Each structure stands twice: as structure tokens, then as C-alpha cells.
Engineer: 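Right, I'll just put the structure down here and ask away after.
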Protein chains: 2
Amino acid sequence: MNVPIQVDYGVRALVDLAENSHKGDVQTADIAKRQQIPRQFLAQVLHNLNKFGITSSKRGPNGGHRLAIKPSNITMGYVMRTLGNNKHTVCCLENSSKCYQAPKCSQKHVWRKVEIAVNKILDSTTIEDLINN
Amino acid sequence: MNVPIQVDYGVRALVDLAENSHKGDVQTADIAKRQQIPRQFLAQVLHNLNKFGITSSKRGPNGGHRLAIKPSNITMGYVMRTLGNNKHTVCCLENSSKCYQAPKCSQKHVWRKVEIAVNKILDSTTIEDLINN
DNA sequence: TGTATTTATGAGTGATTTACTCATAAATTA
DNA sequence: TAATTTATGAGTAAATCACTCATAAATACA
């Protein structure tokens with residue numbers, strides 16, 4: 001499984017937001033510093049989370065980011081699908097190969113089974129779960 | 001999950017070998033033709049399978065490849081680990097990030113859980129299972 | 001012995017992806 | 001108006017992927 005660093009950063013940012021939301025909007029630079037994530041890149045990740053309605057943001061002085069959904073309703077699966085470039089969790093050759101097209105590809109349903117198992121775990125793990133360890 | 005095309009080719013080659021083993025050694029070119037895999041690349045894949053004892057081979061006229069283990073004992077998991085460049089199935093940032101090192105990485109055990117679930121499926125699926133659909 | 005056949009093996013390569021940076025625009029506040 | 005903060009698209013260096021190429025080594029058979 002390819003876990004893009006965007007997903008890692010995104011999840012960490014969401015955990016950070018959940019833990020610091022009481023102070024009001026949280027700025028990219030603060031999250032970047034706390035989580036040791038390159039600032040400009042984190043800005044893009046947060047922008048993506050924003051676009052998909054997981055967070056919302058405000059520009060200008062004392063602007064920043066906040067969660068738009070409560071931590072117990074944000075699943076790793078949703079973050080993965082949001083930041084993971086719309087790829088299948090198990091990319092069984094989805095781009096170039098004929099795997100999914102081939103009628104007698106005997107591997108296909110194994111990988112599908114794997115994907116279902118993965119999504120089951122990711123969709124049942126929330127940001128809140130991560131905070132509670 | 002990154003399913004390298006090598007793994008796909010390897011699994012298909014093993015299924016092909018299992019289905020054609022009764023005729024004696026099977027040549028790379030024949031598998032390549034039947035399975036529509038680039039010949040030279042398949043040669044490398046078969047060589048890798050050979051190195052790890054899944055197949056054996058013979059050079060020269062009427063040489064070729066054969067299974068060294070019976071299909072019911074070759075798991076997708078083993079093929080994945082053999083051809084998948086020794087990476088973790090779930091590559092939770094294993095290369096560059098601090099994920100596995102960081103003491104308070106709350107994602108780590110989620111990805112580990114995912115990896116265990118994936119391996120459970122792959123290790124319980126054999127080449128024989130694929131042949132029997 | 002010599003020639004054809006087949007695998008073994010390392011080096012190279014073009015395209016794509018990844019993980020960023022840079023530059024600048026737009027919004028907001030004081 | 002100036003400072004601050006996010007928005008957004010373009011660019012980029014390094015790594016990876018999916019191969020090809022070239023050549024060596026083994027084997028079979030005439």
C-alpha cells in the first residue's frame with residue numbers, strides 16, 4: 001500500500017487541529033512547526049482538506065484552520081481517499097495493465113478482497129481514535 | 001498498496017507453469033506469449049523466482065522453467081515478498097519519514113494493523129487457489 | 001567440436017510519480 | 001494602506017518503475 005506522505009501529514013494535521021481547536025483558528029505555520037512538516041507543503045495539504053470539507057479556513061491576520069467535522073466523524077479512510085489522489089487503496093495495476101479488464105484475471109478478486117479488508121480498518125478508525133491512542 | 005507489475009507477472013507466470021508443467025520445462029518465450037508479458041522482463045522475474053527457490057530452471061535447448069514447490073504451497077504473500085523489493089506491504093513512510101521511529105506516531109499501529117490484515121489474506125491464498133478460481 | 005538454443009546478469013533508459021519549493025494572487029484585519 | 005494569512009498554479013530534483021540492451025554462461029545435439 002502506498003501511503004502518500006500527504007496522508008500522513010493530513011492525519012497529523014487533523015490530530016493537531018483537534019487538540020488545539022479550543023484556542024480558535026490554528027495557523028499553518030504553527031502546525032508545521034509542531035508536527036515538523038514543511039510549511040508550504042502543509043498549506044497545500046490543508047487546502048485539500050478544506051476543499052473536501054474536512055476543515056475550513058479563514059485568511060488574514062489571526063486567520064487559520066479549524067475542523068469542519070468532529071474528530072469522531074473523520075475516518076482515516078476518508079482522509080486517505082481525499083488526499084490519496086483518488087487511487088484505489090490497492091492499486092492492482094489500475095493504470096496501465098489489463099488486470100481489471102481481463103475476464104480471467106484470477107488475481108483480481110484477491111486484491112479486491114485485500115482492498116475491502118484495508119478499507120474496513122481505515123473506515124473504522126477515526127481521528128478521535130488516534131488521539132485516544 | 002503498491003502491487004508491482006513484477007508481482008502480477010510473477011503470479012501469472014507461476015499459474016502458467018502450474019498449468020503447463022506436465023509437458024516438461026516451460027520456456028520464458030512461451031509464457032511471455034501466452035501471458036502477454038514482455039519477454040526480457042519476464043526472464044528477470046523468473047530469475048528472481050528461481051533465486052528464491054520458487055522455481056528452478058535449466059539452460060540450453062529444451063531448457064526452461066518449472067515449479068520447485070507445488071502450487072498449493074506457494075502463497076501470494078511469499079511471491080509478494082520475493083518480488084516486491086523487500087518493502088513492507090504497507091509502506092507507511094518507511095523510507096524517509098520518522099513514522100516508525102517516532103515514539104508518539106499514533107498512525108503507526110493502524111498501518112501495522114492494515115499490514116497484518118493484508119498479509120493474512122495474501123498468506124492464505126495460494127497459486128492453486130488462483131487456478132481453482 | 002561446433003553451433004544453436006536457452007537462461008543469467010548487470011547496466012542503462014525514458015516516463016512517471018513523489019515530495020516538495022517558488023511566486024503571486026486574494027482575502028482579512030487593524 | 002500595510003501587514004498577515006490562506007489560495008493556487010507552475011516548476012523541479014530525486015526516486016522509482018517498467019522496461020530494453022548487451023553479453024556471458026550453460027546445455028543439447030549434429
Side-chain angles (χ1 to χ4, degrees), chain A residues 1-10 12-13 17 24-33 35-52 54-66 68 83-88 91-99, chain B residues 1-10 12-13 17 24-33 35-52 54-66 68 83-88 91-99:
Chain A
M1 160 142 8
N2 183 19
V3 185
I5 197 109
Q6 278 214 40
V7 173
D8 174 47
Y9 290 169
R12 278 156 61 190
L17 280 173
D25 283 357
V26 181
Q27 293 163 15
T28 308
D30 292 339
I31 302 175
K33 196 174 175 188
Q35 303 294 330
Q36 306 209 47
I37 299 172
R39 198 188 121 269
Q40 300 244 46
F41 192 46
L42 178 60
Q44 286 182 12
V45 173
L46 286 165
H47 181 58
N48 285 333
L49 292 172
N50 198 350
K51 276 197 296 187
F52 283 88
I54 301 177
T55 59
S56 57
S57 65
K58 201 175 71 178
R59 294 174 178 179
N62 290 317
H65 303 269
R66 76 207 77 96
L83 300 176
N85 299 323
N86 291 327
K87 285 183 184 168
H88 280 263
C91 47
C92 172
L93 329 159
E94 60 186 305
N95 297 328
S96 53
S97 147
K98 295 166 192 158
C99 176
Chain B
M1 161 143 7
N2 183 20
V3 183
I5 197 109
Q6 277 213 41
V7 173
D8 173 47
Y9 290 168
R12 277 156 60 191
L17 280 174
D25 285 357
V26 181
Q27 293 164 13
T28 308
D30 291 338
I31 302 176
K33 196 174 175 188
Q35 303 294 329
Q36 306 210 48
I37 300 171
R39 198 187 121 269
Q40 300 245 47
F41 192 46
L42 177 60
Q44 284 182 13
V45 173
L46 286 165
H47 182 58
N48 285 333
L49 291 172
N50 198 351
K51 275 198 296 188
F52 284 87
I54 301 177
T55 58
S56 57
S57 64
K58 202 177 70 180
R59 295 174 178 180
N62 289 316
H65 304 269
R66 77 207 77 96
L83 301 177
N85 299 322
N86 292 327
K87 286 183 181 168
H88 281 264
C91 48
C92 174
L93 329 159
E94 61 187 304
N95 298 327
S96 52
S97 147
K98 295 166 193 157
C99 176

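Below, all heavy atoms of this structure are taken into account, side chains as well, without hydrogens, waters or symmetry copies. Proteins come first, then strands; the chains are lettered A, B, ... in the order of their sequence lines, and each starts at number 1. Everything numeric in this text was worked out from a predicted model, so none of it was measured.
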Engineer: Quick one: do Leu46(A) and Leu49(A) satisfy side-chain contact (heavy atoms from CB on, under 4.5 Å)? Show the steps, please.
Structural biologist: CA-CA 5 Å; Leu46(A) 286 165; Leu49(A) 292 172; 4.3 Å; yes

Engineer: What is the minimum heavy-atom distance between Gly63(B) and Gln27(B), and which atoms define it?
Structural biologist: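 In terms of heavy atoms, the two residues are closest at O-CG, 3.2 Å.
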
Engineer: Please report the shortest heavy-atom distance between His65(A) and Ser57(A), naming the atom on each side.
Structural biologist: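 That would be ND1-CB, 3.6 Å.
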
Engineer: How does protein contact run along nucleotides 24-30 of chain D, one letter per nucleotide 5' to 3', with B for base contact, S for sugar-phosphate only, - for none, heavy atoms under 4.0 Å?
Structural biologist: -BBBS--

Engineer: Rounded off to whole Å, could you give me the CD1-to-C1' distance for the Ile5(A) and dC20(C) pair?
Structural biologist: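 In whole Å, dC20(C) C1' and Ile5(A) CD1 are 10 Å from each other.
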
Engineer: Under a 4.5 Å cut-off applied to non-hydrogen side-chain atoms, are Phe41(A) and Gln44(A) in contact?
Structural biologist: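 Side-chain contact under 4.5 Å: yes.
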
Engineer: Check the distance between dT18(C)'s P and Asp8(A)'s CG and give it to me in whole angstrom.
Structural biologist: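 Those two atoms, CG and P, are 15 Å apart.
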
Engineer: Just to confirm, is there a sub-4.0 Å distance from OP1 or OP2 of dT6(D) to any side-chain nitrogen or oxygen of Thr28(A)?
Structural biologist: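 For dT6(D), OP1 or OP2 has a side-chain N or O of Thr28(A) closer than 4.0 Å.
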
Engineer: Assign each of His47(A) and Gly63(A) to its nearest nucleotide of DNA chain D by heavy atoms, then name whichever residue's nucleotide is nearer the 5' end.
Structural biologist: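 Nearest-nucleotide comparison on DNA chain D picks Gly63(A).
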
Engineer: Report the nucleotide, chosen from dA18(D), dC20(C), dC19(D), that has the shortest atom-to-atom distance to any side-chain atom of Pro38(B).
Structural biologist: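 Comparing dA18(D), dC20(C), dC19(D) against the side chain of Pro38(B), the answer is dC19(D).
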
Engineer: Which dot-bracket notation, 5' to 3', represents the base pairing of DNA chain D when pairs are defined as Watson-Crick or G-U with both distances under 3.5 Å, crossing pairs as [ ], and inter-strand pairs as |?
Structural biologist: ||||||||||||||||||||||||||||||

Engineer: Does dC20(C) have OP1 or OP2 under 4.0 Å away from a side-chain N or O of Tyr9(A)?
Structural biologist: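 Yes, because at least one side-chain N or O of Tyr9(A) sits under 4.0 Å from OP1 or OP2 of dC20(C).
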
Engineer: Looking only at N and O atoms, is any donor in the side chain of Gln44(B) or the base of dT20(D) less than 3.5 Å from an acceptor on the other one?
Structural biologist: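 Checked by distance alone, the answer is yes.
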
Engineer: So, is Asn50(A) near the phosphate of dT6(D), with a side-chain N or O under 4.0 Å from OP1 or OP2?
Structural biologist: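 No.
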
Engineer: Taking all atoms of both residues into account, what is the closest heavy-atom pair of Asp25(A) and Asn62(A), and its distance?
Structural biologist: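 Heavy-atom minimum between the residues: CB-O, 4.2 Å.
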
Engineer: I need the CG-P distance between Leu49(B) and dT7(C), as an integer number of Å.
Structural biologist: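 The distance from CG of Leu49(B) to P of dT7(C) comes to 14 Å, rounded to the nearest Å.
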
Engineer: Counting only side-chain N and O atoms of Ser57(B), is one of them less than 4.0 Å from OP1 or OP2 of dA8(C)?
Structural biologist: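 So the side-chain polar atoms of Ser57(B) do come within 4.0 Å of the phosphate oxygens OP1 or OP2 of dA8(C), strictly under.
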
Engineer: Quick one: is Gln27(B) getting a side-chain N or O under 4.0 Å of the dT6(C) phosphate, OP1 or OP2?
Structural biologist: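 Answer yes for this pair, as a side-chain N or O of Gln27(B) is under 4.0 Å from OP1 or OP2.
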
Engineer: Expressed in angstrom and rounded to an integer, what is the separation of Phe41(A) atom CZ from dC22(C) atom P?
Structural biologist: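 It works out to 14 Å between those atoms.
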
Engineer: For Asp25(A) and dA7(D), give me the distance from atom CG to atom P, rounded to whole Å.
Structural biologist: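 Distance check: Asp25(A) CG to dA7(D) P gives 11 Å.
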
Engineer: As a quick check of understanding, evaluate side-chain contact (heavy atoms from CB on, under 4.5 Å) for Val45(A) and Ile37(A), giving each step before the final call.
Structural biologist: CA-CA 11 Å; Val45(A) 173; Ile37(A) 299 172; over 6 Å; no

Engineer: Using atom CG of Asn48(A) as one end and atom C1' of dA7(D) as the other, report the distance to the nearest whole Å.
Structural biologist: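 That distance rounds to 11 Å.
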
Engineer: Which heavy atom in Arg12(B) sits nearest to a heavy atom in Gln36(B), and how many Å separate them?
Structural biologist: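 Scanning both residues completely, I find the closest heavy atoms to be NH2-O, 4.0 Å.
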
